[in-house]
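What follows is one structure encoded as structure tokens, with my remarks underneath.
Lettering of chains follows the sequences in order, A, B, ..., and the numbering in each one begins at 1.
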2 protein chains.
Amino acid sequence: MVKRHVSLKDLAVELGVSVSTVSRALKNHPDISHQLTDKIQKIAIERNYTPNPLAMGLLKAQTKMIGVIIPDIVTHFFASVISGIESVAKEKGYFIVISSSNESFEKEKESVDNLLKSRVEGIIACISQETNDISHFQRLINNEFPLVFFDRICEVLSVPSVTVNGFEAVKSIIHHFKDNGCKRIAYISGPSHLSISKNRKEGYLEGLNECGLEFNPDLLVECNLSAADASLATKQLLSLDKKPDAIFGINDTIAFAAMKVIKKHGLKIPEDIALVGFTDEFHSTVVEPTLTSVTHPTFLMGREAARLFFNIIEKESTYHEKVILPTELIIRDSSVKRNVL
Amino acid sequence: MVKRHVSLKDLAVELGVSVSTVSRALKNHPDISHQLTDKIQKIAIERNYTPNPLAMGLLKAQTKMIGVIIPDIVTHFFASVISGIESVAKEKGYFIVISSSNESFEKEKESVDNLLKSRVEGIIACISQETNDISHFQRLINNEFPLVFFDRICEVLSVPSVTVNGFEAVKSIIHHFKDNGCKRIAYISGPSHLSISKNRKEGYLEGLNECGLEFNPDLLVECNLSAADASLATKQLLSLDKKPDAIFGINDTIAFAAMKVIKKHGLKIPEDIALVGFTDEFHSTVVEPTLTSVTHPTFLMGREAARLFFNIIEKESTYHEKVILPTELIIRDSSVKRNVL
DNA sequence: GCAAATAGCGCAAAGGTTTGCACAAAGGTT
DNA sequence: AACCTTTGTGCAAACCTTTGCGCTATTTGC
């Protein structure tokens, strides 16, 4: 089987010195003579010694692990955020343990339990769309366990978080629609209890208001963030007597699904219905027409979340920083009605 | 700061018994009286005791961690494989540590080092496209360190692996092209040293052969698996005096990139050029025309890789199982020339 | 009623590392 | 020559858990 890793003891025995001497020599402790230090360091490299993180963890009561809870890993958005988190974790000598909730409340609770059992030093999470009860996170907060939210957050909890300026972004989308002559602007939202849904809805309402458009409840539909459900929502919109002339999907997955349905109905994008998404997935540029969307600094979002995390565990700060990242509306073909311009 | 986790000692002190008694009681050891066992178990639950994995790891010399090296996490394919690996790891009480090589040879070597330092019990890897020198993996094998490859493998190394039947898949693509009247079938390949490139190239050649088509070196171009490079490769193909009437991209990312270029050149898909990809990304159905592609059982691939891994560490088997997963050609609009049918 | 068996619990070591303290030998001071 | 610093090293505890063995009462068998 696998060769055992060499330990300080192995080196100590080989050199006929004590374990503590080896330990000190490897950290250049002044107590150890230069000759002995050199000798020990040389042989340590030769034998390929690396400290055992388990022993260190036990001693220092730290595992150098960060738990990351996400709704779904198989997604450009979350994969990219993870990538961002990992990049700063790596810089700090930490590694991340990923646990997907699969958008399930139960699995999210399990994830928290499992990560706690694994003794991660903290958790960075994006709550599942099912999550309405937040007692499992409240528990962590009560124990002052390091916790950071990103994207979908719990507003009621006083926790560092990083989100995106959805309010402003959606407002600018509405203005963009209006500039293109749209008057009946629909919004396919996510579950209403989700922070991003609320936030973007407010932007939607305010945008309509600023554009002098009246809010029509028929044009605001909810879906559960799945493509299937988004298709249903789109069909519902298209079955209205007065069809919308613009649709904003809360994310690109929703917008892609809507696009398919619209095409299937024989309607033209953007001529009949202008379409805008959110999050700017890689494939926005490959669909036809190319999808207007809001760039979401996903990688940066991950890095910021990790930064907040290390703020907590390093500075032991109790200040709950809320980072709001900017977005940018990338205008492509799906929303530009040429006749208007 | 964070409340310390409660240990056996804490419970022992609280109850005035020894640590060993608590340890045994929690595992229902017959040596401990029923009353005491009950009392201990009750208070353990009350205090929310969970065993410290670090201490266990130290004792048992196992970390319950699997290292996973992938070229890029921000990809449907790899995210999905990871998801598969994680699902069986979770069943076994293991968790995975992900390290991306970013398709870089240097980073891949670093990843191996870091994972080794973290004392993962083994590594599941997909080699980077830059990787030609495999001494860092050879080292692991020499030490009988558990190692499993997936998708892109090292044929020269005797290691369990899980791949996809690229040879057969590509052959069927060529036949499909031929059935649609294509005669000049181009192949945009990946770096030639990669196992998947070689494998699929053989399928390409054999397919041409079976279809009575002659191999034309001009129609076989290589790219580095990036969209940008794929665009270049496509342009090269389109600049030929005798343009191809069909293009097969080694994966969907390549095919998407090719699609954009073809459209930009004012050529019609599939009428002028039929197009087929590989891996069946989620967005295959949303591009226009929808992309014919080969389904790649990514999740299963992850599960199989993990299964092979546990085979090694559990049964200590030295048999190097090579799993080859089946694929299926999903025919969509991008390759079906209506006039022929 | 005495020896032997048994039930029920604690001790200690092991796993790898760090670190305060003790200790030895060497050198320096008066 | 006796004492005090250094200088260099080792001991042992701590982190947490498991487990073989030893110990003490109690119970059993005769």
Check: Which is the 5'-most and which the 3'-most nucleotide of DNA chain C that has an atom under 4.0 Å from a heavy atom of chain A?
Finding: C:dG15 to C:dG20
Next item on the list: Using a 4.5 Å cut-off on heavy atoms from C-beta on, say whether the side chain of B:F78 contacts that of B:I73.
Entry: no
Next item on the list: Say whether, by atom type as modelled, one donor and one acceptor occur between the side chain of B:N52 and the main chain of B:L54 under 3.5 angstrom.
Entry: yes
Margin query: So for atom CD, which belongs to B:Q35, do other residues, nucleotides or ligands contribute more than 12 heavy atoms lying within a distance under 6.0 Å?
Written below: no
Next item on the list: Have a look at the helix from C:dG1-D:dC30 to C:dT30-D:dA1 and give the angle its two end axes make, five pairs each, rounded to 10 degrees.
Entry: 70°
Next item on the list: Spell out, as yes or no, whether a donor-acceptor pair under 3.5 Å connects the side chain of A:D72 to the backbone of A:V74.
Entry: yes
Item checked: Pairs flagged by salt bridge (Lys or Arg N to Asp or Glu O under 4.0 Å) wherever residues 11-33 of chain A is involved - sequence neighbours left out -> A:E14-A:R47
Check: Is B:S161 close to B:V148 at the side-chain level, that is, under 4.5 Å between some pair of heavy atoms?
Finding: no
Checklist line | Residue pairs, two or more places apart or on separate chains, that pass side chain to side chain donor-acceptor pair (under 3.5 Å) and touch residues 82-99 of chain A | finding: A:E86-B:S100, A:S87-A:R303, A:E91-A:R303, A:K92-A:E314, A:Y94-A:E121, A:S99-A:S111
Atom pairs under 3.5 Å: protein N/O with N/O of nucleotides 6-10 of chain D:
{"from": "D:dT9", "atom 1": "OP2", "to": "A:S33", "atom 2": "N", "distance (Å)": "3.0"}
{"from": "D:dT9", "atom 1": "OP2", "to": "A:S33", "atom 2": "OG", "distance (Å)": "3.3"}
{"from": "D:dG10", "atom 1": "OP1", "to": "A:S18", "atom 2": "N", "distance (Å)": "3.4"}
{"from": "D:dG10", "atom 1": "OP2", "to": "A:S18", "atom 2": "N", "distance (Å)": "3.0"}
{"from": "D:dG10", "atom 1": "OP2", "to": "A:S18", "atom 2": "OG", "distance (Å)": "2.9"}
{"from": "D:dG10", "atom 1": "OP2", "to": "A:T21", "atom 2": "OG1", "distance (Å)": "2.3"}
{"from": "D:dG10", "atom 1": "O6", "to": "A:R24", "atom 2": "NH2", "distance (Å)": "2.6"}

Notebook entry, point to check: Does the side chain of A:T131 pick up a donor-acceptor pair with the side chain of A:S128 at under 3.5 Å?
Noted result: yes
Distances under 3.5 Å between nitrogen or oxygen atoms of protein and nucleotides 14-16 of chain D:
none

Check: Would the number of heavy atoms belonging to other residues, nucleotides or ligands and lying under 6.0 Å from NZ of A:K322 be above 12?
Finding: yes
Check: B:F95 versus B:T63: any side-chain heavy-atom pair under 4.5 Å?
Finding: no
Checklist line | Side chain to side chain, B:Q62 and B:I313, heavy atoms closer than 4.5 Å | finding: no
Margin query: Suppose we call two aromatic rings close when their centres sit under 6.0 Å apart. Are A:H320 and A:F149 close by that rule?
Written below: no
